[in-house]
Structure formats: structure tokens, C-alpha cells
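Report on the structure given below.
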Amino acid sequence: MCGIIAAATEKSVGKLLVQGLYKMEYRGYDSAGVALHQIDDIAHLRSLGKVKKLESKMVKEKPKGKIGIAHTRWATHGKPSEENAHPHVSNNRVFIVHNGIIENYVALKEQLLKKGYKFNSQTDSELIAHQLDFFLNQGSEMLEAISLLKEKLEGAYAVAAIDLKNESHFYLMRNKSPLLLGQSDSGMFAASDPLALADLTNEFVFLEDGDVAEVSAKEYKILDKNQKRAIRKITTIDVSSEAMGKNGYRHFMEKEIYEQPTAILNTLDGRIGGEDVLENIFGEGSNKLLSKVERIQIVAAGTSLHAGRVAANWFSAIANLPTQIDYASEYRYKNPYVDKNTLLLTISQSGETADTLGALRYAKERDYLGSLTICNVPTSSLARESDFVLLTNAGPEIGVASTKAFTTQLTALMLLTLSLAKARKLNPRLRGRVVGALRALPEKITESLELKPKIIKIAKEIAKKDNALFLGRGIFYPIAQEGSLKLKEISYIHAEAYPAGELKHGPLALIDKNMPVIALAPENELAEKLISNLEEVKARGGKLFVVGNAAGNMKLKAKNLINLPECDFLLTPILYTVPLQILSYEVALLRGTDIDQPRNLAKSVTVE
Ligand code: G6P
């Protein structure tokens, strides 16, 4: 989603603001802007497109200022354009940047229009600048103005603001949208993502809902939701910009695909021992909770939801537990029935997806046994607000299309499955077998990465098409869904996934020589049935590509077959994901799309 950064130092902050925007660009990248306090005026530069364009503008115009705010945008209200880019300004005096959505913006805008304010954008954010200007004109100081504003706004927001008549401070306010302060000897900073402040500081203060803050180069003052002075704990986070480099790869997505063996090792590290999963890996007291679980409710979005769908199969098969799974964006609105002893399980790479976070907050008011999250970002709201957490420890994922976050989520979900089975005293031998297979998994993934030359050949055929169909059965259906999501996200080819048995109930009508069909065919009890489904495709002239070892008798050309290394069947969904990731990446490369920042998408969707 959008990214915010603010800084106050003894030197000009223009460069560091732009560097921070680059580090957050994965969150949103349709326009960017900066406002720098130059004492006599505020330099205000905005540009449509990526941060690079803004940087070129800054190199030309050379604005200077020791206080500044900046923003990279992912459009919600109002199309991507220079007028809709942040910072927004009122009366050439108040400049603001905003993440989130102001839900009552229509009513507030109307009031401001009546007071004579003119709006220059179609955003919901601009009213924040005008409303602050209004309070300042009524005689308020900025800290008071921002506190008054907080009372008026409904929705989610992280805001940073500067005032022409105050050359030494910037101001912050937060509600349901991430915002943190960074402190150092050389100045004070704020950002919506700690990564933006990598190399500037490792000391962070998380603002809480309802907080406002006044920040200078030397100090800061936070007022909580009751307007009381608040002292918040300082958290040390080591964010190195090295982890944020491409390290020789062409794209972050490529690097992240190749990081998977190490990422999975990191997920497993300290969580398995001997022939079992270790105790309390989700936090002190988690085993006691797990032993009481009778049902699981999963809530997640996008790729994380696909991980949940795989896990639901594992929970049932290995831990004898039923699971209900919902899109995070739907869950709260269906008046969910909460059965006795149900565990609320959220899955999220970022830990900031607004719908998933909203679901957790809603669930806390309901009669759940407890909440557990599988998350990649230790400092995220989801990790902080859940009762128990298992961090995937995959390292920062920058490419918008999720890769290593998914396979590490699956690894973590298998650890959860084993922990539930252990707490329920089930399947000790099977647990031992799976733990052994988990240890071998990084090596298997490394072997599957070596299939790239073969996959490139298939990519050349798929890159010429406008549509693609992915097929899987059972636990491979969510993997087919993930494969199809990857392809559409980064290559813009329309792709759909079906459980192969459903083919004859509709999608078979689409099959002809222009429809590539990518089927996942592991050797399992469904293999025979799957092969019959694939024969149906072949008989109708469909172009078939098969990933897996079960298609040996189909007389397919070798170039259309991708055989994977042998692996414990329960972990095959993780292994089979890898060739699909490489396939999408190579297709997108051939089609020349913007792989790390595909059009219209954002890495972390912090609006509902
Ligand atoms: C966005 C990203 C997806 C991701 C989804 C859920 O749509 O582009 O890659 O799967 O959000 O994100 P989360 O951080 O909650 O896993």
C-alpha cells in the first residue's frame, strides 16, 4: 500500500526521504511526492509514476530543508495522477501525507467546501490538510490541531504533517494503519515501515491507535488517545539495507525464489528436535492452548489464503481437526458462527493486511479459544496483537508476487499441524516421518530450482498465449490456484485454476489449441483419476504441460513434462510450488512486464 516517511535532522533531509521511498516502493508505486521545509516556503514536488521520476525532479530543482515528509502512493480514491499524489496542501501552509482510508470523507469534505476550501484532488486525503489549516486559523497550535482532527476522522490513517509557520517540527497521527518513530543521535524519523529507515536507526517506537506526536530533530512528544502524555517502549530492530538488495539477481522475485532453501531452513530452525516438533514454539503456554483446540477458523488473503487451504487438508488428515476457511475480506461480514474451542488462525506475510487485521480484532470480541498468527514480520500489528505467533523468518520479501513467504508459511503450517497432532497425542510415527522430510526439504527445493532450463522452454510457449488453465486435485488444487495467481499477477495472462474433476462441468468448453493447461500430477491415490481428466484435455486438442511424476504413461512429449525430485507426499505441495513460480517469472520476463511491481498491485494492502 502507500508508504510514508518523515524526517527532522540538522542537515537537509531530501536525499534520505527519497532513499526511504525507494525502500518502501514495493508498497505502492503509482506516484510519489515530497514536501521540504525551506523556512521561507515549503518545496512541494510530486510526480506521476515511480520514485525515480520524483528523484529526477529533485536533482533538477535541488530543494533543501531540515524537516520534510514524503510519500509513495497506491491509488484508492482518485486515479494515479500528479494532483492526486501526496503531499496534499492547504493554503500553501499545511502539507500532509496519508496512508489508509478516511471513511467519513464525503461529509467532512462538504463541511470544508462550505467553509470556502477548494479541493484540487479526488482523494480522501486532501481534507486532512484543509481541516488542519482550519484549526490553525482558529488559533490552535499544530499539536492541538492534529488532536482535534483525530476526533473528526473515521477510518484508518497514518498521517505525517508539516506547517510553514513551524520550521522545527513534524507531526504524526495514527489509527489502524502502521506508523513508527525512529530515533538516533543525528535526528528523528518516522515511517510506515521500519525498512524505510534502514541504515538511519535501529531504535523504533511504535505508535498506537489514537496517538498523535510532535517531533523535532532532538526529541518527540506523544499524546495517547486520551490526550495524555505517553511514554512508549523503544524496540531495537536491525534492518540492514543489504537484505533489501537484489544481490546480483535481475529482480527481487528471482532472488526470493532462490532464497527458498535458506528461508525454509530458517523457518525450521529451533522448532524441531529429534523426531518431533518442539514444545511451545508459538510462545509460552501455546501447547496448553493447542491441546484444547477442537476446530480451526483460518482467515487470510491472496497467497496466504492458498497456504491456509493446503493447511486445512493437513489439519484434517494429521490432527483430526475440522477447519473453516474464509477470505479475510468476507469473514467479518458473514456473522460467523463460533463453535466451542475454536482457534482463530491468521496467516499473513506482512502482518498488516487490513482485512486480516480487521478479522483478528473482530474475533477478539467473539468467543474464540485464542488467536494464533503465522507471519513474516515480527514488528507487524498482527504479530503484536495475536495471542500466539510463529514467525516464518523468511527475511524481507520485496517482490509483490509472494514466493518465499508462501513456502515458509506452508512449512510453518506443517509445524502447526504437527504441534496440534502432538498436543492431541496423535500419529507419533507419522510425526517423526514428517520431521525427517522437513529436514530434507531445503535440499529438494534446491534440486527443483535446477529444473529452470526445462521450465524456460515451456515459458516460451505460454508467453505467447492470452489464457491458461491450472489443474490440481485434493491438496494440489490450492497449489494450482497459487500457480494461476502468480501467472496473472506478473505476466497479466488470464489464468484460472480448477480441481481437475470439475473440468467436465464447464471449463472443458474452453479447451482448444490456444489454451495451455498446466496440470499438477504427483504420484498419489488420485493420480489415476487425474490422468483420466488430462486425457479429456488431450482428446480435445488442449496444449498440456504436466508437473509431476504420475504422467509417465500418457505418452506426452518429454519437453512438456517436468519431473520433480522424490519427496514425502505430505510435503509435495511445497515442492510443486517452485516450478510454478519459475514458470510465471520466466513468462513475465519474456513478456517484458514489471515483475517486482506489477501494474495496479501493492505488496501490503493496508486498506479494506
Ligand atoms: C497483497 C499481495 C499478495 C499477498 C496478499 C496478502 O495482495 O500482493 O502477494 O498474498 O496481499 O498479504 P499478506 O501480507 O497478508 O500475506
Side-chain angles (χ1 to χ4, degrees), residues 1-3 24-30 74-76 177-178 192-193 195 251-253 256-257 263 298-311 325-331 344-361 371-386 389-413 478-479 481-492 577 580-581 584-585 588 593-608:
M1 204 89 310
C2 308
M24 279 188 297
E25 201 172 22
Y26 72 102
R27 295 172 71 97
Y29 35 79
D30 56 45
W74 184 82
T76 54
S177 195
S192 44
D193 186 330
L195 290 179
H251 296 91
F252 282 109
M253 182 180 177
E256 287 154 8
I257 289 174
I298 298 181
V299 184
T303 289
S304 299
L305 185 90
H306 295 155
R309 287 195 172 139
V310 174
I325 178 155
D326 285 289
Y327 290 105
S329 55
E330 295 286 322
Y331 163 75
L344 191 272
L345 171 63
T346 56
I347 309 164
S348 171
Q349 186 285 128
S350 63
E352 299 294 353
T353 300
D355 287 320
T356 312
L357 200 52
L360 171 68
R361 289 173 180 160
S371 59
L372 193 157
T373 191
I374 304 281
C375 185
N376 191 33
V377 181
T379 53
S380 63
S381 308
L382 213 55
R384 286 181 292 127
E385 293 180 30
S386 298
V389 184
L390 188 72
L391 293 170
T392 43
N393 294 337
E397 189 181 70
I398 309 296
V400 163
S402 191
T403 52
K404 64 175 178 172
F406 179 66
T407 46
T408 54
Q409 279 169 350
L410 287 175
T411 308
L413 286 161
I479 301 301
Q481 289 182 304
E482 175 59 11
S484 109
L485 177 67
K486 285 293 84 95
L487 189 69
K488 70 180 103 158
E489 277 179 312
I490 60 168
S491 75
Y492 315 149
T577 304
L580 301 183
Q581 296 168 340
S584 304
Y585 177 79
T593 53
D594 191 343
I595 294 182
D596 281 335
Q597 296 173 341
R599 68 183 180 203
N600 307 339
L601 299 181
K603 183 75 188 158
S604 169
V605 183
T606 53
V607 292
E608 286 175 23

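First listed ligand is number 1; within each ligand, the first listed atom is number 1.
- By the 4.0 Å heavy-atom criterion, A602 is counted among the residues contacting ligand 1.
- If you check which protein heavy atom lies closest to atom 7 (O) of ligand 1, you get V605 CG2, 3.9 Å.
- Between S304 and ligand 1, at least one N/O pair is under 3.5 Å apart.
- Heavy-atom neighbours of Y327 OH from other residues, nucleotides or ligands within 6.0 Å: at or below the threshold of 12.
- With 3.5 Å as the limit, one finds no donor-acceptor pair spanning the side chains of S304 and Q349.
- Residue-ligand proximity, V400 to ligand 1, at heavy-atom distances under 4.0 Å covers atoms 8 (O), 9 (O).
- Residue S348 approaches ligand 1 through these ligand atoms, each under 4.0 Å from one of its heavy atoms: 13 (P), 14 (O), 15 (O), 16 (O).
- Salt bridge E397/K404: absent, no basic N to carboxylate O contact under 4.0 Å.
- Interface atoms of ligand 1 facing T303, defined by a heavy-atom separation under 4.0 Å, are 10 (O).
- Remark: the T346 side chain and the T373 side chain contain an N/O donor-acceptor pair separated by less than 3.5 Å.
- Shown are I298, I325, D326, D355; of these, the side chain to side chain contact (heavy atoms under 4.5 Å, CB included) with Y331 is made only by D326.
- When the heavy atoms of N376, T356, T353 are ranked by distance to atom 12 (O) of ligand 1, first place goes to T353.
- For atom 5 (C) of ligand 1, the closest non-hydrogen atom of the protein is A301 O, 4.0 Å.
- In this structure, the protein non-hydrogen atom closest to atom 11 (O) of ligand 1 is K603 O, 3.9 Å.
- The nearest pair of heavy atoms linking M24 to S192 is SD-OG, 3.5 Å.
- Formation of a donor-acceptor pair under 3.5 Å by the D30 side chain with backbone atoms of A75 is found in this model.
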